[in-house]
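Heads up, the thing below is written out as structure tokens.
Side chains included, hydrogens not; waters and symmetry mates left out as well; all remaining heavy atoms used. This structure is a prediction, so every number in the text was calculated from the model and none was measured.
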There are 2 protein chains.
Amino acid sequence: MVMNKSSDLSLDRIFSALADSTRRAILMKLTNGDEGVMDLAAPFDMSQPAISRHIKVLENAGLVTRHRQGTHRMCRLAPDALDEIEPWLNMIADRYRNKYDRLDTVLAAMTPTKQGDE
Amino acid sequence: MVMNKSSDLSLDRIFSALADSTRRAILMKLTNGDEGVMDLAAPFDMSQPAISRHIKVLENAGLVTRHRQGTHRMCRLAPDALDEIEPWLNMIADRYRNKYDRLDTVLAAMTPTKQGDE
DNA sequence: CCACTATATAACAATATGGTTATGAATAAG
DNA sequence: CTTATTCATAACCATATTGTTATATAGTGG
């Protein structure tokens, strides 16, 4: 069974977008409400084009949407994308717990007279 | 207020580690129990050194621990690191909800005769 | 049309990432 | 000691990421 590399592009993009503290800070800021690119850029010691691209990364990951408002391009949190990663986290957690539950069962079923490994 | 880039190295590493489908698949596999590097590598169409480095990334992120077992280096899921990202996700979600709750309150408080922004 | 503001894009450089092959080191076993 | 197995590391290459500066584009207002 050979696994394919492009299994989940969406998760790739979301996790990758979150793997940068500047972008996480931008998301945090957006929890206070929509903001234009300039306002978003202000707190950071970084050029405007750099922030522009960070926002594009967030947009491509589906974490942020934008709409024009006069001369501004307002950024808005799109928390749906964040919801995408929770099922994955839960799957891991569930499988993990399940595995150890099963192990517990096995251990419980073993009489103390015998010992297994793992 | 200038934000510093190295705010949370730990989250950087965890999200970054999760941003690769091969590494996510390795974590999935490990929910079935500990495995050696060779066994982990088997399903993937990739060289052993490549897998070795993926595992190291997971280890550096705190998602996997290892211990020798004879000639094997057994990999074990360390789900604690995954727990680290949940508070962050919740913070975003909470602030987001809070924001809109506050907005709702503001909107509710406004008599239809007057309008304010945000 | 002109000028101003907000933002995007292009071109570039430095560094990071992810893969490969070749090889080294540690343990187990004959 | 020798050999086989498991795994790590080194050297290398291609591509991606992230920042910079310079410039282009799009609305807004006079």
query: To the nearest angstrom, how far is B:Asn60 atom CG from D:dA8 atom P?
result: 12 Å

- request: Whole angstrom is fine here: how far is it from CZ in A:Phe44 over to C1' in D:dG19?
  value: 15 Å

- line: B:Ile51 CD1 to D:dT9 C1', in whole Å, measures 16 Å

- prompt: What is the distance from CZ of B:Arg73 to C1' of C:dA26, rounded to the nearest Å?
  reply: 10 Å

- prompt: Is the shortest side-chain N/O distance from A:His54 to OP1 or OP2 of D:dG19 below 4.0 Å?
  reply: yes

Could you list all N or O pairs between the protein and nucleotides 9-11 of chain C that sit under 3.5 Å apart?
residue : atom : partner : partner atom : Å
C:dT9   : OP2  : A:Lys56 : NZ           : 2.8

query: What is the distance from CD1 of A:Ile55 to P of D:dG19, rounded to the nearest Å?
result: 13 Å

- prompt: Between C:dA8, D:dT20, D:dA8, which nucleotide gets closest to the side-chain atoms of B:Val37?
  reply: D:dA8

Test item: B:Arg23 side-chain N/O and B:Ser16 main-chain N/O as donor-acceptor pair under 3.5 Å: yes

statement: Of the listed D:dT21, C:dT7, C:dG18, the closest approach to the A:Ser47 side chain comes from D:dT21

- prompt: In whole Å, what is the span from the CD atom of B:Glu35 to the P atom of D:dT6?
  reply: 13 Å

message: Please compare A:Val57 and A:Gly70 by the position of their nearest nucleotide in DNA chain D and report the one closer to 5'.
response: A:Val57

field: Contact check, side chains of B:Trp88 and A:Leu27, non-hydrogen atoms, under 4.5 Å
entry: yes

- prompt: Choosing from D:dC7, C:dA6, D:dT5, which nucleotide comes nearest the side chain of A:Thr71?
  reply: C:dA6

Between C:dT5 (C1') and A:Met38 (CE): distance, integer Å: 8 Å

- prompt: Which one, C:dG18, C:dT27, D:dG19, comes nearest to the side chain of A:Ala50?
  reply: D:dG19

- line: B:Leu40 CG to D:dT6 C1', in whole Å, measures 13 Å

message: Once rounded to the nearest 0.5 Å, what's the spacing between atom CG of B:Leu82 and atom CG of B:Leu18?
response: 6.0 Å

- request: Please round to the nearest 0.5 Å and tell me the distance separating atom CG of B:Leu77 and atom NZ of B:Lys29.
  value: 12.5 Å

Listed pairs under 3.5 Å, donor-acceptor, residues 58-67 of chain A side chains, sequence neighbours left out:
residue : atom : partner : partner atom : Å
A:Glu59 : OE1  : A:Arg66 : NE           : 3.4
A:Glu59 : OE1  : A:Arg66 : NH2          : 2.7
A:Asn60 : ND2  : A:Lys56 : O            : 3.4

Beyond-backbone contact of B:Ile55 with B:Arg73, side-chain heavy atoms, under 4.5 angstrom: no

- prompt: Any side-chain heavy atom of A:Glu35 within less than 4.5 Å of one from A:Ile26?
  reply: no

